[in-house]
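Everything below concerns the one structure shown next.
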Amino acid sequence: MSKVKKDTIEAKGFVIQIYTEDFKNDYISLTDIARYKNVHEPKDVVKNWLRVRDTIEFLGLWETIHNPNFKGVEFDSFRKEAGTNAFTLSPQRWIENTNAIGIVSKSGRGGGTFAHPDIAMEFASWISAEFKLYLIQDYKRLKSDENSKLSLGWNLNREISKINYKIHTDAIKEYLLKDLTNEQLSYKYASEADMLNVALFNKRAKQWREENPDLKGNMRDYASLNELLVLANMESYNAILIGKGVEQKERMIELRKLARTQLISLEKLGDSGIKKLEGKK
């Protein structure tokens, strides 16, 4: 099962949910966009938009281009009725009858009607051209931030850190945790990770979250290239120290020395090698 990544964008003071399951196709909340026109009954705004003949033709064309399993016969039926006084259409009915993929209906907390960006921007344009422009602006900002995080330098060192964390946790299990319960195993992993956080960042993960309630992710997501490189080395070295039976207090002292020495060295190299790497992104 794919992992859902959630985020938000803003337009004229309105927060709009956005999510992706495959990191390729985003889905933006039509329900949240509709609140700009009707805060109390946004779902009615979506239904009214779906009654419009131009909307049905646009959705049908989008599905024909992007969805090989789109049911054209059922779509033709909706197209013939669209625009008449008696015609009504809910997102759920559109999805079920035509096998559409451009619009998604989600139930429960944080649910509502979501749509592919192409469709969401068309809907926003129907509501307000001005609102659509603000929506596009913040959506571009979000994608720019994502691309920055996925750049070669950031992603390479983040992956190195993840690989070494696996080595690190395996060492803890092998040398320290043979007689502990599963619950204690989980706690120990968190404790080791927090020890590294304190040794490198001077604070535990909980402290960072309390100090930065509006930031998403964790402190490692906001670390510099130098810090991620040092963290990867610290995790590898910690695994070696664990294997030698060194107590946590002594390990923390050694890791703190390692962090200080390597960060100073990397800062000195910052004007040459590291900057050349960043320049190749």
Side-chain angles (χ1 to χ4, degrees), residues 4-143:
V4 176
K5 178 183 180 295
K6 298 180 180 179
D7 218 316
T8 59
I9 52 179
E10 293 187 20
K12 300 201 73 176
F14 287 81
V15 177
I16 294 103
Q17 298 177 83
I18 181 170
Y19 80 91
T20 180
E21 293 184 348
D22 57 8
F23 295 92
K24 295 179 181 178
N25 298 299
D26 293 329
Y27 281 84
I28 301 172
S29 175
L30 299 187
T31 304
D32 289 341
I33 294 174
R35 295 186 202 281
Y36 179 72
K37 191 168 187 177
N38 189 330
V39 175
H40 303 294
E41 297 295 339
K43 62 182 180 180
D44 290 344
V45 179
V46 178
K47 287 182 179 180
N48 287 337
W49 178 63
L50 288 173
R51 295 183 67 243
V52 180
R53 183 179 181 85
D54 286 347
T55 299
I56 297 302
E57 290 183 343
F58 174 82
L59 292 177
L61 178 59
W62 190 93
E63 294 288 344
T64 300
I65 295 172
H66 299 282
N67 182 7
N69 299 314
F70 182 57
K71 297 180 179 179
V73 175
E74 287 76 0
F75 160 68
D76 285 335
S77 176
F78 285 138
R79 181 169 56 180
K80 289 175 183 177
E81 295 180 50
T84 63
N85 291 334
F87 179 67
T88 59
L89 182 63
S90 68
Q92 293 88 344
R93 186 178 167 214
W94 167 256
I95 296 166
E96 292 171 3
N97 286 32
T98 66
N99 200 33
I101 61 172
I103 291 179
V104 176
S105 181
K106 299 177 76 67
S107 59
R109 184 178 180 183
T113 302
F114 291 76
H116 186 278
D118 296 345
I119 298 171
M121 297 308 171
E122 184 73 11
F123 176 59
S125 182
W126 178 76
I127 288 180
S128 164
E130 180 187 15
F131 187 79
K132 174 189 175 182
L133 290 174
Y134 281 108
L135 190 66
I136 291 173
Q137 184 179 35
D138 204 46
Y139 182 64
K140 286 181 177 179
R141 186 271 312 161
L142 175 67
K143 304 315 289 182

Other residues, nucleotides and ligands only: do more than 12 of their heavy atoms fall within 6.0 Å of NZ on Lys71? yes

What are the two closest non-hydrogen atoms of Ile103 and Ala115, and how far apart are they? CG1-CB, 4.1 Å

Rounded at 0.5 Å granularity, tell me how far CG in Asp138 sits from CG in Leu133. 13.0 Å

Any side-chain heavy atom of Lys43 within less than 4.5 Å of one from Glu41? yes

Rounded distance [0.5 Å steps], CG in Asn67 versus CG in Leu59: 12.0 Å

Between Trp94 and Phe70, how do the two ring planes meet: parallel, tilted or perpendicular, split at 30° and 60°? tilted

Between the side chain of Thr20 and the main-chain N/O of Asn25, is any donor-acceptor distance below 3.5 Å? yes

If I compare all heavy atoms of Arg51 with all of Phe87, which pair ends up nearest, and what's the gap? NE-O, 2.6 Å

When you look at Tyr27 and Lys106, which way does the side-chain contact (heavy atoms from CB on, under 4.5 Å) test go after all the steps? CA-CA 11 Å; Tyr27 281 84; Lys106 299 177 76 67; over 6 Å; no

Heavy-atom pair with the smallest gap, counting every atom of Pro91 and Leu50: N-CD1, 3.6 Å

Quick check on Gln137: does its CD atom have over 12 non-hydrogen neighbours (other residues, nucleotides or ligands) under 6.0 Å away? no

Is there side-chain contact between Thr88 and Lys47, with at least one heavy-atom pair below 4.5 Å? no

What orientation do Phe114 and Tyr19 show, parallel under 30°, tilted 30 to 60°, or perpendicular over 60°? perpendicular

So, taking the atom named CD in Gln17 and the one named CG in Leu30, what distance separates them when rounded to the nearest 0.5 Å? 11.5 Å

Under a 4.5 Å cut-off applied to non-hydrogen side-chain atoms, are His116 and Trp62 in contact? yes

Work out which heavy atom in Arg53 is nearest to a heavy atom in Ala82; give both atom names and the distance. CA-CB, 3.7 Å

Heavy-atom closest contact (Ile28 atom, Ala120 atom, distance): CB-CB, 3.8 Å

May I ask you to decide if the ring planes of Phe131 and Phe14 are parallel, tilted or perpendicular, using 30° and 60° as cut-offs? perpendicular

Below 4.5 Å, heavy atoms only, C-beta onward: do Glu63 and Phe75 meet side chain to side chain? no

Applying side-chain contact (heavy atoms from CB on, under 4.5 Å), can you list everything that pairs with Asn85, at least two apart in sequence or on another chain? none

Closest approach of Ser105 to Ile95 (non-hydrogen atoms, all atoms of both residues): N-CD1, 3.6 Å

Any side-chain heavy-atom pair from Ile33 and Trp126 closer than 4.5 angstrom? no

Just verifying a value: how many Å separate Ile18 CD1 and Lys143 NZ, rounded to the nearest 0.5 Å? 6.0 Å

Roughly how far apart are Leu61 CG and His66 NE2, rounded to 0.5 Å? 8.0 Å

Polar side-chain atom of Thr64 near backbone of Gly60 as donor-acceptor pair, under 3.5 Å: yes

His40 side chain reached by Asn38 side chain, heavy atoms, under 4.5 Å: yes

Spacing of OH belonging to Tyr36 relative to NZ belonging to Lys132, to within rounding of 0.5 Å: 14.5 Å

Taking C-beta and beyond as the side chain, do Trp49 and Leu89 meet within less than 4.5 Å on heavy atoms? no

Under a 4.0 Å threshold between the charged nitrogen and the carboxylate oxygen, would Arg79 count as salt-bridged to Asp76? yes

